[in-house]
Amino acid sequence: MPGPFSSRSPTLGPMTASDHVVTRFAPSPTGHLHIGGARSALFCWAFARRNGGRFMIRIEDTDQARSSDESARGILEDLAWLGIEWDDGPSLTLADGRVIGADSRPVGPYFQAQRVPIYHAYIEALVKAGRAYPAFEDAAELEAKRKAAVAAKQTYRYERPADVKPGVFNAARWERAQSGEPHVVRFLALHEEIIVPDQVLGDVRIAAGELDDFVILKADRFPTYHFAVVIDDELMGVTHVLRAQEHLANTPRHVAMQKALVRLPQHSPPGSESRATPFRTPVYAHMPLIFNVDGTKMSKRDKAKAARAALQAKIKQEPALTADVLAPRLGAAAPDIAGFLAKDNDSLEVATAISRVFGVALPEIEVADFRAAGYLPEAICNYLALLGWNPGMKTEDGKDLEKFDNAFLAEHFSIERIGKTNSKFDRNKLLSFNGDAIAALSDDAFIDRWMAWMREFEPAAADRIGAVPRDRLAALAAAIKPRAKTLREGLKSAAFLLRDDEATDFEAKAVEKHMRADDGRGVKLLREFRETLNALLDWSPAGLAAHLDAFAQANGLPNPGPIAQPLRIALTGAAVSPGLGETMAVIGRLSCLKRIDTCLHAV
RNA sequence: GGCCCCGUCGUCUAGCCCGGUCUAGGACAUCACCCUUUCACGGUGAGAACAUGGGUUCGAAUCCCAUCGGGGUCACCA
């Protein structure tokens, strides 16, 4: 009997079952939302929903040099787009005026930069309790020592100054710090075993002596990540921390601090004035990592790599393409381009320019990339949920259940079913999921979402297709949905709509094969077919298809091919297009006749 | 290198905790065939995995150990 005390039971751990579940996603606003971060957020969200708890966003902007408000806003927008909405956290006003996020509990502010006084108060308390101390070494010197140790294949650990004793307030150091001498504050790690309670991996034990005295307050008076996260998780009532395994090695530090910290009177529950309220250790769940298929990390540098490889291939074909020649075409400075090619920089601007100018597809890494590429948020969430988690259920026909939405996750997500093994991001499978999600859309929904995507990322096409009467768009949706794995691919299938009725660029090979061959049989059939069109009453996709079949039969053709292909070329310029019924219906009678005439004249 | 984590088809995984129902199931990808006016969609089918070696046991993908392999982490970044 596993009973309730199985090591992976969600109720086991330092938190009691009666605690109201609070999870949090705590991004650092130093860029866009990474696809892996999105999964972390999704799992945190799902766990909170499943347990009737709250999901919180906190912005970890303690790196003053790299953090930005634009980045924070972008991350929030990406989360909202994915349908991952937070109960507590910064407010975000959506395009439709709806607001996500509030300080209803209230435990804000949710930007760590605004919480610095709180951290300072706890730093002081820790120092006075003899569990932290100001340190005055020069950063460069320590760095040199560290490097030397690494070079000698030795484990580097900060050496505690001789005058620092556990549990003893070092007033002299405190005075020096207070007087303005540059310093950091280090946590005083006890010589004891640390146990990290983890619901995915089981308890992880770290032997005594492994932890050194790490920095908790930087010289710029900002807390380090480790310190801020511990203070905030406690003060914000976080009960469960779900995050990627890359954080596992950090967690012993957090546990050690939780054991040393006690809530300040101003942060203590009412009525507890007489006794101290120690910090609690939340339940941890470290999720497996996500890598590229080749095993490398999914990094935004992958975009630069792909662009560089593509450009280098181009240059091999065309040696005249020097940085100077490329500069005006790419809209970038020649030295930047040269540096980019020489791997001196991974400029995203250069990479994007290469992608635009040479039509090179860059790998999607961040949520915004997937959005621009025409992925649906529901497909992304579905696929992401399967990376490291699995519902372990079967469908009615006995197959593994793997198609579900966020509502399903909110109902069924559990930490017990998070796997332990790292996974590789399989774009093929995501693509397949996305294609299925598109196919599952109603015609109306597809048109709405496709147009919205186009207005954002392909405005010229949006103008053109937006001009098509709405009643014809249903046929268009039917034509495109089964052919599009992404919204962007849908544009390819709809290319015939963007064509001018007078355009004469007909694919030569196709013209030769389907129209000129057999003494121009195709041309002859097309000419005859054109004459039947004026009088045709039923201009619906089905009516048109039936008409085409009837015409073929009347002409003794074994199948409609001999007329269908010439017609396709006339209407679309190419031998490949969606079904002719839909195509003709969308183009409309007038344009169809014009295009056929144009083609008949041109070939 | 120290510490920590992991190891089922090419990929994501079900099965493992509670050993026999597993000649290991599904999905994506691949290949073949069917459908077909092109391209897709769809349908049917095929190939494809328990890292290795030792135990324990009547019996191991499932339990134990070792080896090998992979990953994370060792900052005044988060």
Side-chain angles (χ1 to χ4, degrees), chain A residues 1-2 6-8 26-28 30 60-63 65-67 135 139 142-143 146 149-150 152-157 183-186 196 198 200-202 204-207 210 212 214-220 222 224-226 228-229 244-252 286 288-289 291 293 295 383 386-390 392-395 397-403 419-433 435 439 479-485 493 510 514 545 548-549 552 557 559-565 567-569 572 574-581:
Chain A
M1 282 290 288
S6 145
S7 69
R8 301 187 77 184
S28 166
T30 55
E60 310 222 323
D61 54 351
T62 52
D63 184 337
R66 297 198 301 150
S67 297
L142 288 180
E143 179 66 12
R146 218 195 79 221
V150 171
K153 299 221 171 192
Q154 303 269 299
T155 304
Y156 170 77
R157 288 203 184 86
H183 67 283
V184 299
V185 174
R186 286 180 182 270
V196 176
D198 191 288
V200 170
L201 304 169
V204 177
R205 316 174 88 90
I206 283 78
E210 288 293 329
D212 67 358
F214 52 91
V215 173
I216 55 177
L217 189 74
K218 300 184 265 188
D220 66 2
F222 269 64
T224 59
Y225 157 75
H226 300 299
V229 82
Q245 263 178 38
E246 66 198 49
H247 288 289
L248 180 62
N250 290 146
T251 311
H286 286 98
L289 271 14
F291 294 95
V293 171
Y383 177 69
L386 252 13
L387 247 32
W389 185 79
N390 188 289
M393 297 179 188
K394 301 284 182 191
T395 59
D397 51 353
K399 299 181 170 181
D400 289 4
L401 176 69
E402 52 176 22
K403 292 294 178 66
K420 298 180 177 187
T421 58
N422 293 162
S423 50
K424 296 179 179 172
F425 195 89
D426 183 355
R427 289 163 195 282
N428 276 325
K429 188 153 180 171
L430 203 217
L431 211 49
S432 167
F433 271 42
I480 289 175
K481 279 196 304 178
R483 267 162 262 266
K485 297 234 192 248
S493 309
H514 299 292
L548 193 69
D549 283 339
L557 301 173
N559 65 60
I563 175 57
Q565 286 308 84
L567 179 60
R568 192 183 309 281
I569 293 163
T572 71
V576 175
S577 84
L580 284 171

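Just the heavy atoms: all of them, side chains too, but no hydrogens, waters or symmetry mates, feed the values below. These numbers come from a predicted model, not from an experiment.
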- Message: If I take atom NZ in residue A:Lys403 and atom C1' in nucleotide B:U13, what distance separates them, rounded to the nearest angstrom?
- Response: 15 Å
- Nucleotide nearest A:Ser432 when distance is taken to its side chain, options B:C77, B:A29, B:C12: B:A29
- Query: Which whole number of Å gives the distance between the C1' atom of B:U56 and that of B:A48?
  - Reply: 32 Å
- Taking the nucleotide of RNA chain B with the closest heavy atom to each, which residue, A:Gly561 or A:Pro482, is nearer the 5' end? A:Gly561
- Would you kindly give the CG-to-P distance between A:Leu387 and B:A27, to the nearest whole Å? 18 Å
- Message: Quick check on B:A27: is either OP1 or OP2 less than 4.0 Å from any side-chain nitrogen or oxygen of A:Lys399?
- Response: yes
- Query: Roughly how far apart, to the nearest Å, are B:C68 and B:U23 at atom C1'?
  - Reply: 29 Å
- Message: Looking at A:Arg483 and B:C39, is any side-chain donor or acceptor paired with a base atom of the opposite kind under 3.5 Å?
- Response: yes
- Task: Look at all strands and tell whether A:Pro578 reaches a base, only sugar-phosphate, or nothing, counting heavy atoms closer than 4.0 Å.
- Result: base
- Item | Who pairs with B:A61 - Watson-Crick or G-U, where each distance is under 3.5 Å | none
- Is the shortest side-chain N/O distance from A:Lys420 to OP1 or OP2 of B:C6 below 4.0 Å? yes
- For A:Asn428, does its backbone N or O pair with a side-chain atom of A:Ser432 as donor and acceptor, under 3.5 Å? no
- Message: By the 4.0 Å heavy-atom rule, please label A:Gly295 as base, sugar-phosphate, or nothing.
- Response: nothing
- Partner of B:G45 by Watson-Crick or G-U wobble geometry, both contacts under 3.5 Å, or none? B:C31
- Item | Euclidean distance, atom CG of residue A:Asp397 to atom P of B:U44 [Å, nearest integer] | 10 Å
Any N/O pairs under 3.5 Å between the protein and nucleotides 20-23 of chain B? List them or say none.
none

- Assess A:Lys429 against A:Tyr383: is NZ or CZ under 6.0 Å from the centre of the six-membered ring, and within 45 degrees of the ring's axis? no
- Using a 4.0 Å heavy-atom cut-off across all strands, classify A:Leu386 as base, sugar-phosphate, or nothing. sugar-phosphate
- Query: Between B:U8, B:G71, B:C77, which nucleotide gets closest to the side-chain atoms of A:Leu289?
  - Reply: B:G71
- Could you state the CZ-P distance from A:Arg157 to B:G2, rounded to the nearest angstrom? 12 Å
- Item | Results of side-chain contact (heavy atoms from CB on, under 4.5 Å) for A:Asp220 - residues two or more places apart only | A:Gln64, A:Lys218, A:Phe222
- Interatomic distance at P, B:C12 relative to B:G53, whole Å: 23 Å
- Message: Given B:A78, B:G7, B:U11, identify the nucleotide with an atom nearest to the side chain of A:Thr421.
- Response: B:G7
- Pairing residues for A:Asp400 by the side chain to side chain donor-acceptor pair (under 3.5 Å) criterion, not counting sequence neighbours: A:Lys394
- Note on the structure: Assign each of A:Lys429 and A:Leu548 the nucleotide of RNA chain B bearing its closest heavy atom; nearer the 5' end lies the nucleotide of A:Lys429
- Which part of the nucleic acid does A:His514 contact within heavy-atom distance under 4.0 Å: base, sugar-phosphate only, or nothing? nothing
- In chain order, what residues pass the ring pair (Phe, Tyr, Trp, His ring centres under 6.0 Å) check against A:Tyr225, with sequence neighbours excluded? A:His247, A:His254
- Query: So, is A:Thr62 near the phosphate of B:A78, with a side-chain N or O under 4.0 Å from OP1 or OP2?
  - Reply: yes
- Assigned glycosidic conformation for B:C41 [threshold 90° from 0]: syn
- Hits for side-chain contact (heavy atoms from CB on, under 4.5 Å) against A:Arg186, two or more places apart or cross-chain, chain-then-number order -> A:Tyr133, A:Ala135, A:Leu142, A:Tyr158, A:Val184, A:Asp213, A:Val215
Where do N or O atoms of nucleotides 73-76 of chain B meet protein N or O atoms at under 3.5 Å, pair by pair?
unit_1	atom_1	unit_2	atom_2	d
B:A75	OP2	A:Arg146	NE	2.5
B:C76	O2	A:Ala219	N	2.7
B:C76	N4	A:Ala139	N	3.4

- Task: Mind checking A:Phe291 for me? I need base, sugar-phosphate or nothing, with any heavy atom below 4.0 Å counting as a touch.
- Result: sugar-phosphate
- Query: Whom does B:G7 pair with, Watson-Crick or G-U wobble, provided both distances fall under 3.5 Å?
  - Reply: B:C68
